[in-house]
Protein chains: 2
Amino acid sequence: MAALHDDVLDALGRRIVGGELAAGAVLTLDDIDTEYDVSRSVSREAVRVLASMGMVASRRRVGLTVQPRTRWQVFDPRLIRWRLDSEDRAAQLRSLGELRSGFEPVAAGLAAVRATPEQCGALTAAVGDMVVHGRAGDLEAFLAADIAFHRVLLEASGNEMLAALDGVVAEVLAGRTHHHLMPTRPKGEAIDLHVEVARAVRAGDAVAARAAMESIIAEATDAVVADATTSTILGGDGEHA
Amino acid sequence: MAALHDDVLDALGRRIVGGELAAGAVLTLDDIDTEYDVSRSVSREAVRVLASMGMVASRRRVGLTVQPRTRWQVFDPRLIRWRLDSEDRAAQLRSLGELRSGFEPVAAGLAAVRATPEQCGALTAAVGDMVVHGRAGDLEAFLAADIAFHRVLLEASGNEMLAALDGVVAEVLAGRTHHHLMPTRPKGEAIDLHVEVARAVRAGDAVAARAAMESIIAEATDAVVADATTSTILGGDGEHA
DNA sequence: TCCGGCAAAAGATCAGATTTATTTCGGAAT
DNA sequence: ATTCCGAAATAAATCTGATCTTTTGCCGGA
């Protein structure tokens, strides 16, 4: 399973995100052919995708110009992944968090109106898992249940654009857990809020679902901010290269 | 300015969005070469981008399989445009509207905290234009000012993902105006709310900015719903095939 | 019935020809 | 002598047709 052009795409994407290839830098297909020892169509296909993400622009006689960040399609999951893997991680998580505070309450409100019985069941099941694993202190299992909960909720919103953001939410939750921005044992009140969202959705209470979700996000934001403050006091968060 | 592969990409994208090529349908590069009378790398590059948007998946010996909608990268501006140009327009506008009700209030709140003096000035100027053209009943000029207002606000949020949604908002606003989901003359109260957002941002009042923006969206949603209801009563909205 | 190898189908890759936009150089007019 | 215009040179993307590789379905034998 080679996927040569995919390798080149990934390598170039990371170099651009990482800043090695800054905005305004120019390179040619020939450079890429030589550097990665691939043929024309391989470099071309990689570059074509990069161009479709707004990261480079190609002009005859000039070459490929790296575009400024304002042109990037920042909702592309690949780009999000690259940024999360780079020194940009903190900024990316902050952006995603702020975004989430906007759309997740809306999704909760819509889900209360539109969720099918099956989705209500899945939501309840996920909450049950969160309670169990939260009490047991199994962070990975808790994370999985948390991700499942939010995924079902977004899907139940009946809005395909909100549903498409499930990957974003999963990344944020996973990032928080794996970079130790979570308490060693999930807080009881956070879990209670998830229980409340599930209840409100089952009851068809959009206002309550929305309010509970807003509290979840607010609580999460506070937790991250508190941790960041602590890290700063302690002299860094250990994430920078 | 040929851009052969871009033509093929556009044609294929529209066929998939339009439903002519439904999920599960398979086609081969050879089919594309023949049908559009282009050579391999042209079809390949078009397909590569389509694959990066989650619309098709390619497998050796099988060909290109059109993917179900749940796999699509629905935040890709190209896909949004295709959907807005297709019979899917109503659903796309609804999705975008719901999404907007989530993130625009957040953006307003952040802008109140982060907007630079220049951005405050641009916001005030845009609001001024809205007032003038709204009173004059010049819908196109009003639309342009409206779009400018929201663009500046999103940019002032200091969050590049929110800023990247400016195209989405512009499409929604333009779609509403051009498909006559707006009153012939913009409502005074809607304009007043924009004035209030600008004032709150200048004053650094995040809570007020957020609240005013929520009112703007709610007002807009009501207007569209009211129109849709009227259209239904009148026997259809003219958008269905 | 099950296993292994053969052959075809289709995507993946390659080397090379073509097109186009920029730049530069030469000549003429000022 | 300088500036302006146009044509030729050139660099780089774009496109083409052929070749390679992998996957899968089929067939024959155990």
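Given the structure is predicted, the values throughout are model-derived calculations rather than measurements. Per chain, numbering begins at 1; letters A, B, ... match sequence-line order.
- The separation between A:His5 atom NE2 and D:dT22 atom P is 14 Å, rounded to whole Å.
- Residue B:Arg71 qualifies as open at atom CZ: its count of foreign heavy atoms under 6.0 Å is 12 or below.
- Rounded to whole angstrom, the span from the CG atom of A:Asp33 across to the C1' atom of C:dG16 amounts to 13 Å.
- Distance OH (A:Tyr36) to P (C:dA12): 21 Å, rounded to an integer number of Å.
- Under the 30°/60° scheme for interplanar angles, the aromatic rings of A:Phe75 and B:Phe75 are found to lie parallel.
- Between A:Ser58 and D:dT14 there is a side-chain polar atom (N or O) within less than 4.0 angstrom of OP1 or OP2.
- For B:Arg81, the CZ atom is loosely surrounded, since the number of other residues' heavy atoms within 6.0 Å does not exceed 12.
- Nucleotide D:dA12 holds its P atom 8 Å from the CG atom of A:Asp31, rounded to whole Å.
- For C:dA8, its base sits under 3.5 Å from the side chain of B:Arg61 at one donor and acceptor pair at least.
- Atom CD1 in B:Ile32 sits roughly 16 Å away from atom C1' in D:dC15 (whole-Å rounding).
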Decide salt bridge (charged side-chain N to carboxylate O under 4.0 Å, His left out) for B:Asp10 and B:Arg78; before the verdict, give the C-alpha distance in whole Å, the side-chain angles of both, and the deciding distance to 0.1 Å.
CA-CA 9 Å; B:Asp10 199 67; B:Arg78 229 177 324 236; over 6 Å; no

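- You won't find any donor-acceptor pair under 3.5 Å spanning the side chain of B:Arg60 and the base of D:dT24, going by distance alone.
- Set against D:dA13, C:dG11, C:dC14, the side chain of A:Leu4 has C:dC14 as its closest nucleotide.
- Contacts of B:Leu27 with the nucleic acid, taken as non-hydrogen atoms under 4.0 Å apart, involve only primed sugar atoms and P, OP1 or OP2.
- Considering only the side chain of B:Thr28, C:dG11 comes nearest among D:dA12, C:dG11, D:dC15.
- The side chain of B:Ser41 lies closest to D:dT16 when the candidates are C:dA12, D:dT14, D:dT16.
- Each of B:Val62 and B:Arg40 has a nearest nucleotide on DNA chain D; the 5'-most of these lies closest to B:Arg40.
- We find that CG of A:Asp6 is positioned 10 Å from P of C:dA12, with the value rounded to whole Å.
- An OP1 or OP2 oxygen of C:dA21 is reached within less than 4.0 angstrom by no side-chain nitrogen or oxygen of A:Arg59.
- In this entry the distance linking CG of A:Leu64 with P of D:dA12 reads 10 Å, nearest Å.
- Rounded to a whole Å, the CG atom of B:Leu29 is 19 Å from the P atom of D:dC20.
- The nearest pair of heavy atoms linking A:Ser95 to B:Glu160 is OG-OE2, 2.9 Å.
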